[in-house]
Every structure is written in C-alpha cells, then in structure tokens.
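In what follows, a structure is listed as structure tokens, so that the remarks can point back to it.
All ligand and atom numbering here is 1-based and tracks the order in the structure.
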Amino acid sequence: MAVISIREQIANLIELQAIDAKIYALNKKMQAIPVELEKKNKEFEAKKSGLNALEEKNKVFLVKKKDRELELAVKEEGIKKLQSQLFAIKTNKEYTALLKEIEGGKADKSLIEDQILGIFDELDSVSAEVNKEKDDLAREKKNLDKDKSEFDSALKTMEQELVIFNAKRSQVVPKIDRHALSTYERILKNKDGLAVVKVVDNSCHGCFMNVTHQTVNEIRMLDRLVTCEACSRILYEENG
Ligand SMILES: [Zn+2]
C-alpha cells in the first residue's frame, strides 16, 4: 500500500466525516422512530383503558338501577297487598295501623324512586362521557395509523439514503491509512459522531476550547494527525 500523505489523509478524513455525520444523523433519526411510535402506542392504550373504565362504571350504574327497580317492584307489590287487606279489616284500630303501614311503604317507594332518578342522571353523564371518549379514541386511532404509515415510509427512505452513504463511505475508506482510520472511528464513536474538526482563531470547533500555538504549528507541519488536548478530536486548519 502506497504511503498516503498527511495532507491527503486529512482531506479524506474530512470527506469521511461529512459522510459519517449524515450516517450518524440518519441512524439517530431511525432509532428515534420506534421509540416515538411506542410512546404514541402507550398514549393510545392509556386512553383505551380510560374508556374501558368508563364503560365499567356505566355497567355498575346499570346493575344498581336494575337492583333498585327490582326493589321498587317488590315495594309496590307489598303496598298493593296491604291495600287489598284494607277491605277485610274489622276494627278502626287495625284500619289505622294498616293505613300507617301503607303510608310507610309509600314513603319507602318514593325514596327508591328518587334513588332511581339519581342513577338515571349518573347514567346520562357517564354515557355522554363514554360517547365523547369513543369519538376521541376513533380519531386517535386514525392519527396513530397515519403516524405509523408515515414512520414506515420515512424509515424506508432513510434506509435507502443509508445505503447510498455507506457506498460513498466505502469509496473513501481505502484512501485513509488503517491506523488513522481506527483512531478516527474510535473518536467518532466516543464523540457523538464528530471526530474531525476545524481550528478557527485558535479554537477547536469540536469543544470550543483554546488550542495552543504549538498545536496550531503542529497542525501546519502536516507531520502527523494532531488531536485536541481537550476533546481528543482530530484537528485541521482550513486552507492548511
Ligand atoms: Zn476540542
């Protein structure tokens, strides 16, 4: 393998960094998609269990209503029975006592009727809530399906872009010294996809710390790859 000059290697590393920055950004976006989708799924499931809870509440009120209605029927039957006994009564005392009992039964009945009316009110408001939630949920489901298909097509596009960038990458990689490449890739991995940075006005454009004059001189000598003392990224000077 022919020796590649530092000047050439830096130029090639800059080219590679531009490609890797795109690959890095694409990967990041692609990884974010399932996370985002999972979040949306969870929100939807939470809404769905909210609706289920409301429907359960509705059922409880329906059961209560049925119980009370049954109770009312029994009470009404009892009153009727007492009223039918009125005709068979012989004494005033018995008559008064029976009337009192009937009155008591009627008072109980009216109490149960009030309770039933209260349950009707509850049922109305729960039903309204259930209907609203159902509408919301149907809308959310549509949105979710739309998001899913958008995410799918975005993923496909990004996968295609990735193939192109990887092809470009494999054209540049052979133009870089193996040792320099492994240094570069190590930094790339550790430094969030940014391994090669400019020095502008004695400042590293990776970490924005000052770079010593000696380091700048070393960069200009083009003897070896020079890295930032603060962030370890490979440094270069534009037009250098
Ligand atoms: Zn730095």
Membership question, hydrophobic clusters at under 4.5 Å side-chain separation (ILVMFWY): are L188 and F165 in the same one?
yes

To the nearest 10 degrees, how large is the angle at the Zn ion (ligand 1) between C228 SG and C204 SG?
110°

Should we say atom CG of D145 is surrounded by more than 12 heavy atoms from elsewhere, each under 6.0 Å from it?
yes

Criterion side chain to side chain contact (heavy atoms under 4.5 Å, CB included) against C204, the qualifying member of L235, T215, N210, T227
L235

So, is H205 placed with an N/O/S atom under 2.8 Å from the Zn ion (ligand 1), counting both backbone and side chain?
no

To check your reading of the site, what angle at the Zn ion (ligand 1) do SG of C207 and SG of C231 form, to 10°?
110°

Around atom CD of E229, are there more than 12 heavy atoms of other residues, nucleotides or ligands at under 6.0 Å?
no

